[in-house]
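Quick caveat: nothing in here was measured; it's all calculated off a predicted structure.
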Amino acid sequence: MKAMIFAAGLGTRLRPLTDSIPKALVPLAGQTLLEYQIRKLKEAGIEDIIINIHHFPEQIRNYLTEHHNFGMNIALSDETEQLLDTGGGLKKASWFFRDDETVLVLNVDILSNINLQHLIASHQASDMATVVVSKRDTQRYLLFDNAQHLQGWTNIRTGEMRGKAGIAIDDLQHLAFSGMQIINPAILRFAEGLGERFSLIDLYMRACHETNISAYIPKDYRMMDVGKIEHIQEAEDFAESLRV
């Protein structure tokens with residue numbers, strides 16, 4: 001199995017930190033967000049990683065060189081000219097993956113206590129993707145049936161809903177996406193017509209009509225999206241707690 005880390009975002013909510021460094025290199029508890037994710041993947045036995053870059057890309061290149069790629073095989077997918085969102089980013093980096101291998105895909109700015117080996121073991125070869133979700137309050141939810149298969153997506157604030165025709169939203173589980181998944185690269189066949197820039201949610205809403213996308217709900221799950229400068233101390237404490 002290989003992995004992809006989404007690290008191309010501008011990190012605008014982390015300004016002024018990201019006025020001079022990319023979000024991936026924001027330090028927490030003695031290591032950068034990028035180092036945290038790389039080491040977590042390495043501990044799970046994954047050695048081949050591709051990272052997409054856009055904001056201060058040379059800093060990330062230099063950082064990896066200085067750390068000898070942390071002893072791993074690391075490639076970069078350069079989105080300097082245009083940010084492609086998560087789905088478009090995966091598509092651009094698809095040269096790094098074989099069609100017959102699964103890919104663990106995660107966001108650089110989401111910290112968690114997830115056991116990646118348990119996640120990997122849960123993925124069924126017959127599924128096009130396994131997405132990490134949890135029961136927590138949010139505005140946007142993925143919708144799953146009783147078999148834990150994806151049926152749709154909704155924004156409860158706006159009332160928007162997407163997914164399979166005729167789904168009864170009240171009968172479905174509302175689960176919050178955690179920015180991590182295992183993907184079969186063959187899912188990109190559903191990207192036809194989406195253009196260069198699109199999200200993984202766009203891709204999932206197409207794919208769930210024809211194939212299984214399953215939920216994985218970790219036990220005793222703790223996570224934090226390191227997204228806002230006003231929460232940086234909380235993120236620092238959370239990162240420290242993961243190292244205990």
Side-chain angles (χ1 to χ4, degrees), residues 3-9 11 13 23 33 36-37 40-41 52 83-91 102-116 118-120 122-124 127-164 167 169 171-185 187-188 190-191 194 197-209 211-228 231 235 238:
M4 180 169 187
I5 300 174
F6 291 133
R13 295 179 300 162
K23 176 171 59 177
L33 289 172
Y36 169 83
Q37 303 296 2
K40 195 169 183 70
L41 291 169
N52 67 344
L83 278 170
L84 299 174
D85 208 335
T86 51
L90 179 70
K91 182 179 178 181
T102 51
V103 183
L104 198 162
V105 181
L106 50 83
N107 294 351
V108 76
D109 56 354
I110 294 183
L111 305 178
S112 80
N113 66 341
I114 191 170
N115 186 312
L116 292 182
H118 290 175
L119 169 61
I120 292 167
S122 76
H123 179 72
Q124 302 295 316
D127 289 350
M128 195 60 74
T130 298
V131 295
V132 179
V133 290
S134 63
K135 297 178 181 179
R136 67 179 191 276
D137 293 333
T138 185
Q139 293 182 352
R140 295 177 292 275
Y141 290 96
L142 292 176
L143 306 172
F144 294 86
D145 62 18
N146 290 332
Q148 305 286 31
H149 293 152
L150 184 64
Q151 303 295 305
W153 171 94
T154 187
N155 183 321
I156 60 172
R157 184 179 64 83
T158 65
E160 181 184 1
M161 189 174 75
R162 300 163 59 190
K164 294 183 178 180
I167 59 175
I169 187 171
D171 296 333
L172 298 173
Q173 299 179 75
H174 290 52
L175 297 171
F177 184 40
S178 294
M180 184 181 298
Q181 55 260 295
I182 294 177
I183 295 176
N184 182 333
I187 197 172
L188 288 170
F190 296 100
L194 288 176
R197 178 182 169 87
F198 58 93
S199 74
L200 282 175
I201 298 300
D202 294 332
L203 199 57
Y204 292 156
M205 289 305 99
R206 285 189 168 197
C208 72
H209 291 264
T211 189
N212 288 340
I213 297 172
S214 295
Y216 177 73
I217 307 174
K219 294 181 180 179
D220 304 316
Y221 188 51
R222 294 188 300 127
M223 64 154 286
M224 183 172 185
D225 181 349
V226 187
K228 296 182 179 180
H231 296 157
F238 185 83

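Counting only distance, with no hydrogens or angles, the side chain of E160 and the backbone of W153 share no donor-acceptor pair below 3.5 Å. With N115 contributing its side chain and H118 its backbone, the two residues share a donor-acceptor pair below 3.5 Å. Judged by distance alone, the side chain of N155 and the main-chain N or O of R157 form a donor-acceptor pair under 3.5 Å. Although no hydrogens or angles enter the test, the distance criterion places no donor-acceptor pair under 3.5 Å between the side chain of T130 and the main chain of H123. Distance alone, capped at 3.5 Å, places no donor-acceptor pair between the T102 side chain and the I183 backbone. Panel note: side chain D220, backbone N113; no donor-acceptor pair is recorded below 3.5 Å. S134 contributes no side-chain N or O that, together with a main-chain N or O of R136, makes up a donor-acceptor pair within less than 3.5 Å. A donor-acceptor pair under 3.5 Å is formed between the side chain of Q181 and the backbone N or O of V105. Distance alone, capped at 3.5 Å, places no donor-acceptor pair between the N212 side chain and the S214 backbone. Using a distance-only test at 3.5 Å, with no hydrogens or angles considered, a donor-acceptor pair links the side chain of N52 to the main chain of A7.
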* Check the pair R206, L194 against side chain to side chain contact (heavy atoms under 4.5 Å, CB included), reporting the backbone distance first and the verdict last. => CA-CA 10 Å; R206 285 189 168 197; L194 288 176; 3.7 Å; yes
* Show the numbers, then the answer: is there a side chain to side chain contact (heavy atoms under 4.5 Å, CB included) between L111 and M223? => CA-CA 6 Å; L111 305 178; M223 64 154 286; over 6 Å; no
* To do: Determine, step by step, whether I182 and I120 satisfy the side chain to side chain contact (heavy atoms under 4.5 Å, CB included) criterion, reporting the C-alpha distance in whole Å, the side-chain angles of both residues, the deciding distance to 0.1 Å, and the verdict.
  => CA-CA 7 Å; I182 294 177; I120 292 167; 4.1 Å; yes
* Trace of the side chain to side chain contact (heavy atoms under 4.5 Å, CB included) decision for I201 with T86 -> CA-CA 9 Å; I201 298 300; T86 51; over 6 Å; no
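Counting heavy atoms from C-beta outward, S178 and I110 have side chains that stay 4.5 Å or more apart. In this structure the side chain of L116 reaches within 4.5 angstrom of the side chain of L41, judged on heavy atoms. No side-chain heavy atom of Q173 sits under 4.5 Å from any side-chain heavy atom of L143. By the 4.5 Å heavy-atom criterion applied to side chains, F144 and I217 are not counted as neighbours. For the pair V108/V226, no side-chain contact is recorded, criterion being any heavy-atom separation below 4.5 Å from C-beta on.
Taking CD1 from I187 and CG from L203, the interatomic distance works out to 4.5 Å, rounded to the nearest 0.5 Å. A distance of 12.5 Å separates CZ of F190 from CZ of F198, quoted to the nearest 0.5 Å. N107 contributes atom CG, which lies 8.0 Å from atom CG of D225 (distance to the nearest 0.5 angstrom). Taken to the nearest 0.5 Å, the CD1 atom of I5 stands 10.0 Å off from the CE atom of M180. Remark: I156 CD1 to T138 OG1 distance equals 7.5 Å, nearest 0.5 Å. For the atom pair OG1 (T158) and CZ (R140), the distance works out to 9.0 Å, reported to the nearest 0.5 Å.
P218 and Y216 get closest at one heavy-atom pair: CD-O, 3.4 Å. Closest approach of A129 to Y204, counting heavy atoms only: CB-CE2, 4.1 Å. Residue L33 comes nearest to K23 through the heavy atom pair CD1-O, 3.4 Å, listed as atom of the first residue, atom of the second, then distance. The two residues L150 and M205 make their nearest non-hydrogen contact at CD2-CE, 3.7 Å.
Qualifying side-chain hydrogen bond (donor to acceptor under 3.5 Å, both in side chains) partners for S199, counting only residues two or more places apart in sequence or in other chains: D202.
Annotation: H209, atom NE2; neighbour count of heavy atoms from other residues, nucleotides and ligands within 6.0 Å is above 12. Within a 6.0 Å radius of NZ in K164, other residues, nucleotides and ligands contribute more than 12 heavy atoms. The neighbour count for R162 CZ, taken as heavy atoms of other residues, nucleotides or ligands under 6.0 Å away, is above 12.
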